[in-house]
Structure formats: structure tokens, C-alpha cells
Amino acid sequence: SGEDITGLADSLSITRSHERALMLHPLFTAVLALLPAAASGAILPAICAGYSGGRGAGHRVGRVFAANTAGSIIGSLLPTLLLIPLLGVQRGFVTLGALAGAGALLSITVTPAIAPLRRWLSSALVVLCFALATVSVPYELPRQLLAEKIGPRHLRFLHYEEGRTGTVAVVENRINRERQLFVNGVNEVTTRLVHDQSFKLLGHLGLLLHGDPEQVLVVCLGAGLSAGAAATHDIESLEIVDLQRSVEGGARLFSDENNE
């Protein structure tokens with residue numbers, strides 16, 4: 001499974017798929033979610049406890065909560081709007097982790113309740129944890145997981161792009177040259193005849209029912225089969241709307257099918 005980044009499946013001698021799933025999903029949850037969730041829940045109270053001693057504790061805790069709120073807002077927007085488009089999913093989250101580590105170091109530095117020796121040890125621990133986490137993650141992990149999910153080794157990537165709202169990939173079967181477009185790991189379009197006919201029919205159907213179309217709007221580009229079919233009609237304009245800009249690169253690899 002593409003979610004088995006720890007190799008747990010290979011270490012379990014379970015032959016039945018449903019038994020394997022029943023055992024693996026709790027393990028995946030524990031490995032991937034339990035530790036980060038526990039750490040996230042403990043960080044804010046720990047900072048407040050270390051930063052609230054003496055007079056003016058309420059004011060200092062209020063500043064901690066203000067910084068936490070600002071960080072939550074920035075942290076939710078920064079990956080989608082900037083880091084992933086510029087760096088990709090994996091490098092984007094490594095950068096975000098580096099920023100979080102820098103924030104942890106800053107918190108340790110400015111917290112007066114932490115003794116100097118403990119401050120240095122805590123700082124070294126933060127740096128060590130970040131270094132270990134960065135080194136232990138395989139290179140191009142999202143692409144590897146997608147390749148594992150797709151399956152057969154005779155498939156090769158023609159296009160792979162990580163965008164703001166999803167990952168778009170086009171793979172080709174080396175044996176029969178069939179192409180498939182994946183969006184977030186889901187097979188959306190192939191060059192098989194049934195898909196080719198179905199999506200082109202969607203592009204023709206609305207215009208044929210209208211009778212005299214002039215301006216056409218196609219919602220969702222995909223591989224461009226429906227839009228390409230609509231473009232064969234006598235129309236004045238054709239506009240395509242899609243949430244994922246990255247799908248455009250994948251659609252170009254279906255130019256024979258979408259009349260680009």
C-alpha cells in the first residue's frame with residue numbers, strides 16, 4: 001500500500017487482506033499521527049508554563065497565545081500558497097519543519113525559567129530531531145508513494161507535478177502505450193476507448209442539446225477530452241475552469257485525444 005512508508009506490511013506474516021488492513025491501519029495511525037499530535041498538544045502548555053513565572057504572567061501568556069494564533073494562520077496558508085508551488089510537497093514541509101524548529105529554538109532562548117544548561121541541551125535536541133527527521137525521509141517520498149500505489153513496474157512517469165490543491169501525474173504503459181492521468185492518486189482518465197468515448201460524449205452532449213451554442217464553459221479540464229470535443233463545434237468562445245493549474249501540463253500529453 002502507498003501508505004506503508006515504514007515497511008510494516010513486509011514485517012507481518014498475514015496473508016488475508018482484511019486481517020492485514022485491520023492490523024496495519026492502527027499501526028499507521030500510531031506511527032504517523034500519535035507522536036506529532038501528542039507533541040503539538042504539549043508544546044503550548046509547556047511554553048506558557050516556562051514563560052509565565054513572576055509578575056505580569058497574564059501579559060506574557062497573552063503574548064504566547066497571540067504568537068500561537070498568528071503562527072496557526074501563517075502555517076495554514078504558507079504551505080499551500082507559497083512553499084508547495086515553489087518547492088514541492090516534501091521540500092515544502094521540510095522547510096516548514098525548519099521554521100517550526102527555529103520557532104522552538106527561539107522559545108527556548110527567551111524562556112527565563114529554563115536553566116542555561118537545560119537550554120543548551122534542549123536546543124541541541126531540537127536540532128538533532130530535525131536533522132534525523134530530514135535524513136530519515138526517503139528522497140521524493142510523495143512520488144515514490146504514488147508509484148507504489150499505481151503498481152506495475154512497466155508503467156513510467158511522463159509527467160509529475162505537485163500543485164497547490166493536488167498532485168497531477170501522467171503515466172504510460174510501456175507494453176501497450178496506454179496513458180493514464182492521476183489526480184491525487186486517483187485514476188481520472190485513460191486512453192482506453194471507453195474513457196475516450198465517455199468524456200468526448202460529455203463534451204458533445206450539452207452542445208447538441210442546446211442547438212445553437214455560442215459561448216461554452218467547461219468545468220474541469222482533466223485530460224481535455226470533453227473540452228476538445230466541445231471545440232469541434234461552431235462556437236464563438238470556449239472557457240475552461242479547473243481548480244488545479246497543474247492539470248494543464250498533464251492534459252498536454254493527451255493532445256492526440258483532445259484535439260489540442
Side-chain angles (χ1 to χ4, degrees), residues 2-8 24-145 162-167 184 243-246:
E3 63 188 346
D4 185 18
I5 64 174
T6 58
L8 291 174
L24 288 181
H25 282 291
L27 290 174
F28 291 143
T29 302
V31 171
L32 299 177
L34 183 58
L35 184 59
S40 297
I43 288 174
L44 183 61
I47 293 176
C48 290
Y51 199 59
S52 61
R55 294 183 178 180
H59 179 68
R60 288 194 293 273
V61 170
R63 287 196 293 180
V64 171
F65 272 90
N68 180 70
T69 301
S72 299
I73 295 172
I74 295 172
S76 64
L77 297 176
L78 188 62
T80 303
L81 298 181
L82 185 62
L83 294 182
I84 292 177
L86 290 178
L87 303 175
V89 174
Q90 184 166 338
R91 288 188 291 270
F93 276 94
V94 168
T95 302
L96 193 64
L99 294 175
L105 292 175
L106 179 62
S107 300
I108 294 171
T109 302
V110 301
T111 301
I114 301 178
L117 178 60
R118 184 174 296 180
R119 182 178 291 119
W120 282 107
L121 291 176
S122 300
S123 301
L125 181 62
V126 170
V127 174
L128 179 62
C129 289
F130 175 74
L132 290 176
T134 303
V135 172
S136 62
V137 176
Y139 178 69
E140 291 191 343
L141 177 61
R143 181 166 177 162
Q144 289 185 34
L145 294 178
E162 297 169 351
R164 286 188 174 94
T165 57
T167 298
N184 290 332
L243 293 176
Q244 300 191 89
R245 182 179 295 273
S246 53

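Start at 1 with the first residue, then count along the sequence.
Across all their heavy atoms, N184 and T165 have their closest contact at ND2-O, 3.7 Å. Across all non-hydrogen atoms, the minimal contact from A42 to P45 is O-CD, 3.4 Å. Heavy atoms only, all atoms of each residue included: S246 and G166 are closest at OG-O, 3.8 Å. Of all heavy-atom pairs between P79 and P85, the closest is O-CD, 3.7 Å.
Atom CD1 of residue I74 and atom CG of residue L82 lie 12.0 Å apart, to the nearest 0.5 angstrom. In this structure, I43 CD1 and C48 SG are separated by 12.0 Å, a value rounded to the nearest 0.5 Å. Separation of atoms CD1 (I73) and CG (L78) is listed at 13.0 Å; rounding is to 0.5 Å. With rounding to the nearest 0.5 angstrom, the CZ atom of F65 is 4.5 Å from the CG atom of L44. The CG atom of L86 lies 11.0 Å from the CZ atom of R91; values are rounded to the nearest 0.5 Å. Taking CG from L121 and CG from L125, the interatomic distance works out to 8.5 Å, rounded to the nearest 0.5 Å.
Within the 4.5 Å cutoff, no side-chain heavy atoms of V89 are placed close to those of L141.
Judged purely by atom type and a 3.5 angstrom limit, E162 has no side-chain atom pairing as donor or acceptor with the backbone of T167.
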Please step through side chain to side chain contact (heavy atoms under 4.5 Å, CB included) for the pair L83 and F93, ending with a clear verdict. CA-CA 8 Å; L83 294 182; F93 276 94; over 6 Å; no
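At most 12 heavy atoms of other shown residues, nucleotides or ligands fall within 6.0 angstrom of atom CZ in R245.
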